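Since this is a predicted model, take the numbers as computed values, not measurements.
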Amino acid sequence: MNFNIEIYSDGAVISDMLAMKEKGLVTGFTTNPSLMKKAGVTDYIAFAREALDKVEGLPISFEVFGDDFETMEKEALLMAELGENVFVKIPITNTLGESSVPLIKKLSAQGLKLNVTALMTEKQVEDTVAALAPGTENIISVFAGRIADTGINPKPLMRKALDICRQKEGTKLLWASTREVYNIIQAEELGADIITVPPAILDKLSMYHMDLEQLSLDTVKMFNQDVKTLGFTILD
């Protein structure tokens, strides 16, 4: 399979990250606090250093933990020093709904590579891209999957977001919150630069363009195997 879009593995299990890299499926990695919690990470910096060693220079995003902008800034500067391939993830707001744009502007002016995350509106994209310093490398992560969860088609917003990102050289649009393999196709057709995909969905790429008759048969066999595992019958 050949995709033009960059595929990043989204997770915090280092063995999964290494497996995806060795399979040649991905060109980068993203993490976040929720994924770290799920993976049982207890030492952020130790995790980050081990992950950096395993990804061997591929881009990887680490998110700040702070909820106040002073703490976020200190954390961002610390993480940026871990490696040239590190993108520091900054949420678009704190938990009070206060915009992170002033901090984004300040960090970008210092040359940090940023991945601004949890964006879901056109205005958030506009304000963020406007704050980025010319000549810097940045990722704009729009949560298309979460938008779709509300019953809204995310593609119109993603098209607008792409146009806005194209106005600032070095800024890439990332389709976030992938729910299924078809999202990769959607993101590529749209022209997005990157899509983050969890390992469970990356594993499904083995089904890409699979014969549907064969998939139907495999599904029936799966049901039959589960019937045997249940160990009982409908009829006496």
Side-chain angles (χ1 to χ4, degrees), residues 5-12 28-39 41 44 48 59-76 79-80 86-108 112-132 136-165 168 171-180 183 186-187 190 192-198 201:
I5 191 170
E6 294 183 65
I7 299 176
Y8 284 13
S9 179
D10 192 31
F29 302 86
T30 55
T31 65
N32 64 49
S34 296
L35 293 171
M36 289 182 185
K37 176 184 176 183
K38 184 177 180 180
V41 174
Y44 195 156
I60 183 167
S61 296
F62 297 116
E63 187 165 342
V64 296
F65 273 15
D67 191 43
D68 65 273
F69 298 121
E70 182 179 352
T71 300
M72 285 188 198
E73 181 179 0
K74 292 177 181 177
E75 292 173 341
M79 286 188 286
V86 170
F87 282 75
V88 180
K89 290 182 79 171
I90 306 290
I92 187 58
T93 72
N94 62 11
T95 60
L96 297 175
E98 297 167 334
S99 175
S100 300
V101 167
L103 175 61
I104 291 165
K105 185 174 183 178
K106 185 176 182 180
L107 293 173
S108 185
L112 271 69
K113 296 178 180 178
L114 301 178
N115 179 340
V116 185
T117 190
L119 286 83
M120 298 192 205
T121 72
E122 183 178 352
K123 185 177 188 306
Q124 287 176 333
V125 176
E126 288 178 340
D127 291 347
T128 299
V129 173
L132 299 173
T136 56
E137 295 181 52
N138 303 282
I139 297 171
I140 304 298
S141 293
V142 180
F143 279 47
R146 290 204 175 209
I147 294 170
D149 287 342
T150 71
I152 296 173
N153 181 359
K155 291 178 73 174
L157 171 60
M158 298 302 285
R159 289 192 189 96
K160 292 177 181 177
L162 183 62
D163 289 341
I164 296 166
C165 288
K168 188 69 64 82
T171 300
K172 294 183 176 182
L173 175 65
L174 183 150
W175 178 300
S177 294
T178 297
R179 302 296 195 240
E180 58 190 6
N183 292 153
Q186 291 177 305
L190 180 82
D193 301 292
I194 307 167
I195 184 168
T196 50
V197 186
I201 295 178

Measure the CG-NZ distance between Asp68 and Lys74 for me, rounded to the nearest 0.5 Å. 8.5 Å

Can you find a pair of side-chain heavy atoms, one from Leu190 and one from Arg159, that are under 4.5 Å apart? yes

For the residue pair Tyr44 and Phe62, does the interplanar ring angle fall in the parallel (under 30°), tilted (30 to 60°) or perpendicular (over 60°) class? perpendicular

Nearest 0.5 angstrom please: Glu137 CD to Lys172 NZ, how far? 7.5 Å

Counting heavy atoms not belonging to Lys168, are there more than 12 under 6.0 Å from its NZ? yes

Residue pair Asn115 / Thr117, side-chain donor-acceptor N/O under 3.5 Å: no

Quick one: are Ile164 and Glu122 in side-chain contact, heavy atoms under 4.5 Å? yes

Can you find a heavy atom in the side chain of Asp193 that is under 4.5 Å from one in the side chain of Leu174? no

In this structure, OG of Ser177 is separated from CG of Asp10 (nearest 0.5 Å) by 8.0 Å

Atom of Leu107, atom of Ala76 and distance for their closest heavy-atom approach: CD1-CB, 3.7 Å

Heavy-atom donor-acceptor pair, Asn183 side chain to Glu180 backbone, under 3.5 Å: yes

Taking the side chain from Glu75 and the backbone from Gly66, do they hold a donor-acceptor pair closer than 3.5 Å? yes

Does the side chain of Thr30 come within less than 4.5 Å of Ile194's, by heavy atoms? no

Reported CD1-to-OG1 distance for the pair Ile92 and Thr128, which is rounded to 0.5 angstrom: 3.0 Å

Where Ala12 and Val41 come nearest, the two heavy atoms and their spacing: O-CG2, 4.1 Å

Interatomic distance, CZ@Phe69 vs CG@Leu103, rounded to 0.5 Å, equals 7.0 Å

Considering non-hydrogen atoms only, spot the tightest contact between Ala131 and Ser108 and give its length. O-CB, 4.2 Å

Set of salt bridge (charged side-chain N to carboxylate O under 4.0 Å, His left out) partners for Lys106, sequence neighbours left out: Glu73

Looking only at heavy atoms, what is the nearest atom pair of Pro198 and Thr178, with distance? CD-O, 4.2 Å

Kindly give the heavy-atom pair with the smallest separation between Ala80 and Val88, and that separation in Å. N-CG2, 4.0 Å

Indicate every side-chain donor-acceptor pair of residues 143-157 with a distance under 3.5 Å to a residue at least two apart or in another chain.
{"unit_1": "Asp149", "atom_1": "OD2", "unit_2": "Arg179", "atom_2": "NE", "d": "3.4"}
{"unit_1": "Asp149", "atom_1": "OD2", "unit_2": "Arg179", "atom_2": "NH2", "d": "2.4"}
{"unit_1": "Thr150", "atom_1": "OG1", "unit_2": "Ile147", "atom_2": "O", "d": "2.6"}
{"unit_1": "Asn153", "atom_1": "OD1", "unit_2": "Lys155", "atom_2": "N", "d": "3.0"}

Is Phe65 close to Met36 at the side-chain level, that is, under 4.5 Å between some pair of heavy atoms? yes

Could you check if a side-chain atom of Pro91 sits within less than 4.5 angstrom of a side-chain atom of Val64, using non-hydrogen atoms only? yes

Are the side chains of Leu112 and Asn138 in touch, meaning some heavy atoms are under 4.5 Å apart? no

So, using side-chain contact (heavy atoms from CB on, under 4.5 Å) as the criterion, who are the partners of Lys123 when residues are at least two apart? Thr121, Asp127

For Val86 and Lys113, work out which heavy atoms get closest and say how close. O-CB, 3.7 Å

Determine whether Met158 and Gln186 make a side-chain contact, defined as any pair of heavy atoms from C-beta on separated by less than 4.5 Å. no

Just to verify, what does Ile5 make a side-chain contact (heavy atoms from CB on, under 4.5 Å) with, not counting sequence neighbours? Phe3, Ile7, Ile184, Ala187, Glu188, Ala192, Ile195

Output the distance between atom OH (Tyr8) and atom OG1 (Thr31), rounded to the nearest 0.5 Å. 13.0 Å

Enumerate the residue pairs fulfilling side-chain hydrogen bond (donor to acceptor under 3.5 Å, both in side chains) with a member in residues 88-97, sequence neighbours excluded, ordered by first and then second residue. Asp67-Thr95, Asn94-Glu98

Is a side-chain donor or acceptor of Thr171 paired with a backbone partner of Cys165 at a separation under 3.5 angstrom? no

Tell me every residue that passes salt bridge (charged side-chain N to carboxylate O under 4.0 Å, His left out) with Lys105, counting only those two or more places apart in sequence or in another chain. none

